[in-house]
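Because only heavy atoms are used, hydrogens play no part in the values below, and waters and symmetry mates are left out as well, while side chains stay in. Order of the sequence lines fixes the chain letters, A, B, ..., with proteins taken first and strands second; residue numbering starts at 1 for each chain.
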Amino acid sequence: MPELPEVETVKNGMAAVLNGETVAAVDLYRPDLRVPFPENLHDFMKGRRITALKRRAKYILMVLDDRNVFILHLGMSGRVLLLGAGQEYERQKHDHLILSTDSGVRMVYNDARRFGMVYFCHEDALDAHPAFATMGPEPLGNHFSGEVLYQALKKRKTPIKVALLDQKLVVGVGNIYASEALYKARIRPTRRADSITKRESDTLYSAIIAVLNAAIAAGGSTLRDHRQADGSLGYFQHNFAVYDRGGQACPDCDCDVTMTSGIKKITQGSRSTYYCPGRQV
DNA sequence: AGTGTCGCCTGAATGC
DNA sequence: TGCATTCAGGCGACAC
């Protein structure tokens, strides 16, 4: 479900409430999500102070004062609910993990499809962890650029849209923002990755940065709204240009939809892709 | 090594 | 109303 901007938003919401808190308990309500929960999670975490919340790719990292890290991936349907001290709460269906702190704050992890993952490892071992070892660069970090993208795409024969979803190439971009970035860069998603020119790579790089940053900004405002509501940090509504808008007019076209059929939906690598045939070549 | 397919799991939306 | 089918934003295992 969530891509980089949603994960960033959830992480920021968790940081605002959990930073500096001391873990009182970690309660599990089933043995596993997609993979088994780490063994003795409660014993490892109880009494430890939370010193930082970070994000790497689509993973949330909760760093403890002994430098062990509670690692959470939201999968497709993962949601985080934050409850203030003394707040009434009845456990809901698909609530699988509840972390509570000494001051009475609780973090509820709910995941209907259980595609999420929880890992636990020392900060020094993070880079070697199987989930992180083969990861590509952060799109918003210093190790990603038009040139880096260009060099990576040169070696790929898959459609550019499929290549963007590969976390070895660049992390954090999922099915929605791949379509959105290609639309913004005016590149047709069916183009072979190795046909993308340096110039197009530069444009696509800028488009990726722009759509991710815009979504993070939208998530930030959603976060403030949610804080006042029920503390639920999950997906947020964002205005997409093409995603899930098959048959509609794209925002930058003035063409007649009855003639052009509007935004087109196709399937690539068994995932849905949306694009505007008029603007993306 | 790069590429394509499958499956994990539940719920919402759709079709009959 | 009930039942079957399809689809969903991620990721890793697997075969070629």
Side-chain angles (χ1 to χ4, degrees), chain A residues 1-11 29-37 55-60 71-80 92-97 109-119 129-136 139 151-183 189-196 208 211-212 214-216 218-219 222 232-247 263 265-275:
Chain A
M1 173 178 191
E3 304 183 30
L4 186 151
E6 290 78 20
V7 178
E8 179 72 16
T9 301
V10 172
K11 181 265 289 177
Y29 299 97
R30 54 172 298 119
D32 55 12
L33 296 174
R34 190 180 152 157
V35 298
F37 283 113
R55 179 191 57 75
R56 172 79 172 106
K58 299 172 192 170
Y59 291 84
I60 294 167
I71 304 164
L72 176 64
H73 192 296
L74 304 175
M76 299 265 271
S77 53
R79 288 173 173 277
V80 168
Q92 303 292 303
K93 192 177 184 183
H94 307 307
D95 284 351
H96 305 309
L97 177 151
Y109 180 68
N110 180 291
D111 188 352
R113 292 174 71 184
R114 304 206 302 273
F115 283 8
M117 289 166 273
V118 170
Y119 299 123
H129 191 282
F132 299 88
T134 60
M135 262 183 195
Q151 293 301 330
L153 293 177
K154 263 202 321 203
K155 293 178 258 179
R156 308 287 187 113
K157 296 181 174 58
T158 50
I160 178 65
K161 156 67 167 22
V162 175
L164 287 181
L165 294 181
D166 187 343
Q167 304 294 297
K168 293 190 202 57
L169 194 148
V170 61
V171 301
V173 180
N175 203 40
I176 293 177
Y177 296 110
S179 277
E180 293 294 306
L182 286 166
Y183 169 78
T190 49
R191 290 266 304 280
R192 259 172 64 140
D194 60 7
S195 78
I196 304 297
I208 291 169
V211 297
L212 293 180
I216 289 171
T222 305
S232 174
L233 303 172
Y235 235 138
F236 49 88
Q237 291 302 312
H238 188 51
N239 291 327
F240 302 123
V242 289
Y243 181 78
D244 205 21
R245 297 192 65 236
I263 292 162
K265 177 183 181 178
I266 61 172
T267 299
Q268 295 179 293
S270 69
R271 315 292 300 278
S272 56
T273 299
Y274 298 84
Y275 71 100

Problem set entry | Value in whole Å for how far the C1' atom of B/dG7 lies from CZ of A/R114 | 14 Å
Problem set entry | Modelled atom types, side-chain donor and acceptor of A/N175 and A/K161, under 3.5 Å | yes
For this session: Measure the distance from CZ on A/R192 to P on B/dT3 and round it to the nearest whole Å.
Result: 9 Å
Problem set entry | Close residues, residues 156-163 of chain A, relative to DNA chain C [heavy-atom separation under 4.0 Å] | none
Problem set entry | Main-chain N/O of A/P189 paired with A/Q268 side-chain donor or acceptor, under 3.5 Å | yes
For this session: Check the distance between B/dG2's C1' and A/K168's NZ and give it to me in whole angstrom.
Result: 9 Å
For this session: Check salt bridge (charged side-chain N to carboxylate O under 4.0 Å, His left out) between A/R271 and all other residues, then give those that pass, not counting sequence neighbours.
Result: none
For this session: Look at the side chain of A/Q167 and the backbone N and O of A/G136, then say whether any donor-acceptor pair between them is shorter than 3.5 Å.
Result: no
Exercise. So, A/F115 and B/dC8: ring centres less than 5.5 Å apart, planes less than 30° off, yes or no?
Worked result: yes
Exercise. Rounded to whole angstrom units, what separation is found between the CG atom of A/L74 and the P atom of B/dC9?
Worked result: 19 Å
Exercise. So, the side chain of A/E180 versus the backbone of A/Y243: is there a donor-acceptor pair under 3.5 Å, distance only?
Worked result: yes
Problem set entry | Sequence-distant partners of A/Y109, ring-ring contact (aromatic ring centres under 6.0 Å, His included), two or more places apart | none
Distances for protein N or O near nucleotides 11-13 of chain B N or O, under 3.5 Å:
residue : atom : partner : partner atom : Å
B/dG11  : OP1  : A/K93   : NZ           : 3.0
B/dG11  : OP1  : A/H94   : NE2          : 2.5

Exercise. In whole Å, what separates the P atom of C/dC3 from that of B/dC9?
Worked result: 24 Å
Exercise. Is there a side-chain contact between A/V80 and A/L74, using heavy atoms and a 4.5 Å cut-off?
Worked result: yes
Exercise. If we take the C1' atom in both B/dG11 and C/dG12, what is their distance in whole Å?
Worked result: 23 Å
Exercise. Does any donor-acceptor pair link the side chain of A/R34 with the base of C/dC11 at a separation under 3.5 Å?
Worked result: yes
Exercise. Got a donor-acceptor contact below 3.5 angstrom from the A/R55 side chain to the A/A57 backbone?
Worked result: yes
Seminar exercise, completed: For A/D32, the salt bridge (charged side-chain N to carboxylate O under 4.0 Å, His left out) test, sequence neighbours excluded, returns A/R30
Exercise. For A/R113, which residues count as a salt bridge (charged side-chain N to carboxylate O under 4.0 Å, His left out) partner, sequence neighbours excluded?
Worked result: none
Exercise. Taking the P atom of each, how far is C/dC11 from B/dA1, in whole Å?
Worked result: 22 Å
For this session: Respond yes when some side-chain nitrogen or oxygen of A/K155 is under 4.0 Å from OP1 or OP2 of B/dG2, and no when none is.
Result: no
For this session: Not counting sequence neighbours, which residues clear side chain to side chain contact (heavy atoms under 4.5 Å, CB included) with A/K265? List them please.
Result: A/S272, A/Y274
Exercise. Quick one: is A/H73 getting a side-chain N or O under 4.0 Å of the C/dG10 phosphate, OP1 or OP2?
Worked result: no
Exercise. How close or far is atom C1' of C/dC11 from atom CE of A/M117, stated in whole angstroms?
Worked result: 6 Å
Problem set entry | Nucleic acid contacts of residues 265-273 of chain A, taken as heavy-atom distances under 4.0 Å to DNA chain B | none
Exercise. For A/F132, what residues pass the ring-ring contact (aromatic ring centres under 6.0 Å, His included) criterion, not counting sequence neighbours?
Worked result: A/Y59, A/H129
Problem set entry | Side chain A/Q92, main chain A/N110, donor-acceptor under 3.5 Å | no
Problem set entry | Which residues share a salt bridge (charged side-chain N to carboxylate O under 4.0 Å, His left out) with A/R56, sequence neighbours left out | A/E138
Seminar exercise, completed: Under the rule of Watson-Crick or G-U wobble with both distances under 3.5 Å, where | means paired to another strand and [ ] a crossing pair, DNA chain C maps to .|||||||.|||||||
Exercise. Just how far, in rounded Å, is P of C/dG10 from CG of A/D166?
Worked result: 13 Å
Problem set entry | For A/Y183, ring-ring contact (aromatic ring centres under 6.0 Å, His included) partners two or more places apart | none
For this session: Pick the P atom in B/dT5 and in C/dC7, then give their distance to the nearest Å.
Result: 16 Å
For this session: Grab the CG-P distance between A/D32 and B/dT10 for me, whole Å please.
Result: 11 Å
Seminar exercise, completed: Whole-Å distance, A/I60 CD1 to C/dG10 P, equals 15 Å
